[in-house]
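Input: a single structure, listed below in structure tokens.
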Amino acid sequence: LIQELIERLLQEAANEATQKGWCDKAMSDAKQKRDYASEEIATLNEKMAELEARRDSLTEALDTLEKEIAELTESQAKTKAEREEEKKENEETVKEASAGLDALTMCIDILNKFYASAKKESVDLSLAQ
């Protein structure tokens, strides 16, 4: 009976040792997996922080570019309006100059005709005195 108890205790001790070995190995594996996962989380958190910083930078750049585009559009519209006004003024100036040219051409023609006809006629200087 004592022998059976001793054998049973030895068997239980062996089972417990086997169980403890298995538990120690499982604990070691779990700790290692936890450490790897923790490192991966830290790496991913760093990458996420970098990407968030980049997103913020790009958002700021986008806002700046949108403001610049709005300013350029406004400037372009203003410049276009000024050019249209200048174009109208230039067209008016060209019309006036063209009318002036026509008038001058007509004056020159009249004067040429007058002097041509006066050249043919003799001038009586006695009437001028």
Side-chain angles (χ1 to χ4, degrees):
L1 185 65
I2 293 179
Q3 184 61 29
E4 285 179 17
L5 287 175
I6 292 174
E7 285 177 10
R8 196 173 100 202
L9 286 174
L10 288 174
Q11 183 62 34
E12 286 178 7
N15 286 342
E16 284 182 21
T18 304
Q19 179 70 22
K20 183 173 181 338
W22 181 84
C23 285
D24 288 344
K25 184 178 183 305
M27 266 309 246
S28 173
D29 290 345
K31 284 181 182 179
Q32 189 176 16
K33 285 180 184 178
R34 181 193 65 200
D35 290 343
Y36 288 148
S38 178
E39 288 175 11
E40 186 175 352
I41 288 171
T43 303
L44 291 174
N45 283 336
E46 287 175 14
K47 187 170 185 176
M48 185 172 70
E50 289 174 8
L51 291 174
E52 286 175 349
R54 183 169 181 216
R55 179 199 63 204
D56 293 343
S57 172
L58 292 174
T59 301
E60 184 178 324
L62 182 64
D63 291 341
T64 302
L65 291 174
E66 286 175 346
K67 288 178 186 176
E68 289 176 356
I69 288 172
E71 290 172 0
L72 288 173
T73 302
E74 181 181 333
S75 175
Q76 182 183 20
K78 183 179 177 182
T79 304
K80 186 176 181 181
E82 289 174 357
R83 286 184 180 168
E84 288 294 325
E85 185 178 322
E86 290 173 358
K87 181 180 178 184
K88 287 178 184 177
E89 289 176 9
N90 288 340
E91 287 173 352
E92 191 63 34
T93 302
V94 167
K95 283 180 185 178
E96 289 175 4
S98 183
L101 178 63
D102 291 343
L104 284 174
T105 304
M106 187 170 44
C107 287
I108 290 171
D109 192 38
I110 289 171
L111 286 173
N112 283 336
K113 286 179 184 178
F114 173 77
Y115 285 118
S117 68
K119 185 175 162 184
K120 290 179 185 176
E121 295 178 11
S122 63
V123 177
D124 189 9
L125 294 176
S126 62
L127 293 174
Q129 294 176 349

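Positions are given from 1, in the same order as the sequence printed here.
Between D56 and E60 the shortest side-chain heavy-atom distance does not fall below 4.5 Å. You'll find the side chain of E92 stays beyond 4.5 Å of the side chain of K88, heavy atoms only. The shortest side-chain heavy-atom distance between I69 and E66 does not fall under the 4.5 Å cut-off. The shortest distance between side-chain heavy atoms of L65 and E68 falls below 4.5 Å. Looking at heavy atoms from C-beta onward, N112 lies in side-chain contact with I108 at the 4.5 angstrom threshold.
More than 12 non-hydrogen atoms from other residues, nucleotides or ligands lie less than 6.0 angstrom from CD of E52. Residue E40 qualifies as open at atom CD: its count of foreign heavy atoms under 6.0 Å is 12 or below.
A salt bridge between R8 and E12 is present, with a side-chain N of the basic residue lying under 4.0 Å from a carboxylate O of the acidic one.
Side-chain contact annotation: Q11 with E7, donor-acceptor N/O pair under 3.5 Å absent.
Checked against salt bridge (Lys or Arg N to Asp or Glu O under 4.0 Å), R34 has no partners two or more places apart in sequence or in another chain. The side-chain contact (heavy atoms from CB on, under 4.5 Å) check on E46 picks up nothing, with sequence neighbours excluded.
Side-chain atoms of S117 come within 3.5 Å of backbone atoms of K113 as a donor-acceptor pair (strictly under, hydrogens ignored).
In this structure, the separation between CZ on R55 and CE on M48 is 10.0 Å, given to the nearest 0.5 Å. The structure places CG of L111 at 10.5 Å from CG of L104, a figure rounded to the nearest 0.5 Å. The CG atom of L44 sits 12.0 Å away from the CD atom of E39 when rounded to the nearest 0.5 Å.
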Name every donor-acceptor pair, under 3.5 Å, that has one atom in a side chain of residues 23-33 and the other anywhere in the protein, sequence neighbours excluded.
unit_1	atom_1	unit_2	atom_2	d
D24	OD2	K20	NZ	2.9
K25	NZ	D29	OD2	3.3
Q32	NE2	Y36	OH	3.0

